[in-house]
> 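Please find one structure pasted underneath; my questions will follow.
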Amino acid sequence: MLEKREKVLIKKASQEVEEAKELSRANIKRGCAVGNAVAILCLKRKRLYEQRIEQLRYFQLPIRDQIIMLEGAKARTMTVDALRTRAAAMKAMQEAMDTINEQNETMKQVQEALSAPSGAAAVFDEDELEAELEELKGPELEEQLLLPAATASAPAPPVPQGTGKEDELADEMAF
């Protein structure tokens with residue numbers, strides 16, 4: 001609105017200049033002093049219009065500054081909204097990754113549970129069983145080393161029968 005008003009005043013100022021020029025030319029032809037006074041009045045009105053134009057321009061400066069500030073605020077608001085949207089997307093992605101990690105962990109636990117020995121086999125320690133086997137082999141080896149070479153080729157002595165615990169273990173393994 002101020003810009004429109006400024007254009008109207010500029011147009012009026014240029015009309016006053018044209019009118020002053022016409023009166024000045026007419027006075028020269030007629031030699032009349034009154035025409036000069038009217039031309040001077042036209043120039044005074046032109047100056048008044050120019051002063052109003054300057055006032056309008058001073059009014060426009062703060063408005064333009066406010067427009068620039070509003071555009072900057074709008075840009076900042078859009079940036080903040082974009083950052084919020086991005087943060088929400090990142091949070092959703094992180095939650096999805098957490099869910100996937102939880103599922104992977106559950107799958108690991110299931111695989112470990114399935115691969116672990118169950119029943120009676122799960123109760124015994126492998127190292128203890130190996131040590132017990134070595135103990136059982138120890139006396140047999142000593143006997144074989146002490147026998148003469150001729151008897152060594154004889155059939156091997158029968159394997160001693162297991163204790164009651166081994167029979168129980170075999171029964172449990174059968175299940």
Side-chain angles (χ1 to χ4, degrees), residues 1-134 169 171-175:
M1 185 172 95
L2 292 175
E3 289 173 352
K4 287 180 183 178
R5 179 80 175 142
E6 180 182 357
K7 287 178 184 177
V8 169
L9 290 175
I10 289 172
K11 187 176 180 181
K12 285 184 178 180
S14 55
Q15 286 175 352
E16 293 296 331
V17 169
E18 291 299 320
E19 190 176 334
K21 285 181 184 177
E22 283 182 31
L23 289 173
S24 172
R25 281 187 225 132
N27 287 342
I28 292 174
K29 291 180 182 175
R30 291 187 205 156
C32 178
V34 177
N36 280 340
V38 175
I40 290 176
L41 283 174
C42 289
L43 291 177
K44 284 182 181 180
R45 284 191 296 255
K46 177 196 89 125
R47 288 216 176 148
L48 286 174
Y49 290 139
E50 287 174 347
Q51 286 176 351
R52 288 185 184 168
I53 291 170
E54 285 300 314
Q55 287 175 345
L56 288 176
R57 287 183 180 159
Y58 285 121
F59 290 143
Q60 289 176 355
L61 285 176
I63 292 172
R64 287 185 181 143
D65 288 342
Q66 288 178 353
I67 289 171
I68 291 170
M69 288 184 344
L70 288 173
E71 288 172 350
K74 183 179 178 182
R76 283 190 298 276
T77 302
M78 289 173 57
T79 302
V80 168
D81 289 343
L83 289 173
R84 283 183 184 153
T85 303
R86 179 176 167 257
M90 291 292 287
K91 184 178 180 181
M93 190 183 316
Q94 183 64 36
E95 289 173 358
M97 290 299 292
D98 289 344
T99 302
I100 290 171
N101 288 339
E102 287 175 11
Q103 290 174 351
N104 285 341
E105 188 63 32
T106 304
M107 288 296 292
K108 268 186 184 178
Q109 290 173 355
V110 168
Q111 287 175 349
E112 287 175 5
L114 291 175
S115 66
S118 62
V123 177
F124 300 113
D125 183 21
E126 290 290 323
D127 293 334
E128 288 178 12
L129 294 175
E130 296 244 350
E132 188 176 336
L133 180 63
E134 289 298 321
L169 178 62
D171 289 340
E172 285 182 24
M173 292 298 272
F175 278 81

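Just so it is clear, the values below take in all heavy atoms, side chains as well, and ignore hydrogens, waters and symmetry mates.
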> Taking salt bridge (charged side-chain N to carboxylate O under 4.0 Å, His left out) as the cut-off, I'd like each qualifying pair that reaches into residues 99-111, sequence neighbours left out, listed once.
none

> Tell me the closest heavy-atom pair linking A39 and L23, and the distance in Å.
N-CD1, 3.7 Å

> Are the side chains of M1 and K4 in contact, using a 4.5 Å heavy-atom criterion?
no

> Taking only residues two or more places apart in sequence, or in another chain, which ones meet E16 in a salt bridge (charged side-chain N to carboxylate O under 4.0 Å, His left out)?
R45

> Looking at residues at least two apart in the chain, or sitting in another chain, which of them share a salt bridge (charged side-chain N to carboxylate O under 4.0 Å, His left out) with R57?
E6, E54

> With a 4.5 Å cut-off on side-chain heavy atoms, are K11 and Q15 touching?
yes

> Taking distance alone, no hydrogens or angles, what donor-acceptor pairs closer than 3.5 Å link side-chain atoms of residues 65-91 to residues at least two apart or in another chain?
unit_1: T77; atom_1: OG1; unit_2: A73; atom_2: O; d: 2.8
unit_1: T79; atom_1: OG1; unit_2: A75; atom_2: O; d: 2.8
unit_1: T85; atom_1: OG1; unit_2: D81; atom_2: O; d: 2.9

> What's the separation between atom OG1 in T99 and atom CG in N104, rounded to the nearest 0.5 Å?
11.0 Å

> From L2 CG over to R5 CZ, what is the distance, rounded to the nearest 0.5 angstrom?
10.0 Å

> CD1 of I63 to CD of E3: how many Å apart, nearest 0.5 Å?
9.5 Å

> Go through the structure and list residues passing side chain to side chain donor-acceptor pair (under 3.5 Å) with Q94, not counting sequence neighbours.
D98

> Among all residues two or more places apart in sequence or in another chain, which pass the salt bridge (charged side-chain N to carboxylate O under 4.0 Å, His left out) test with E50?
K46

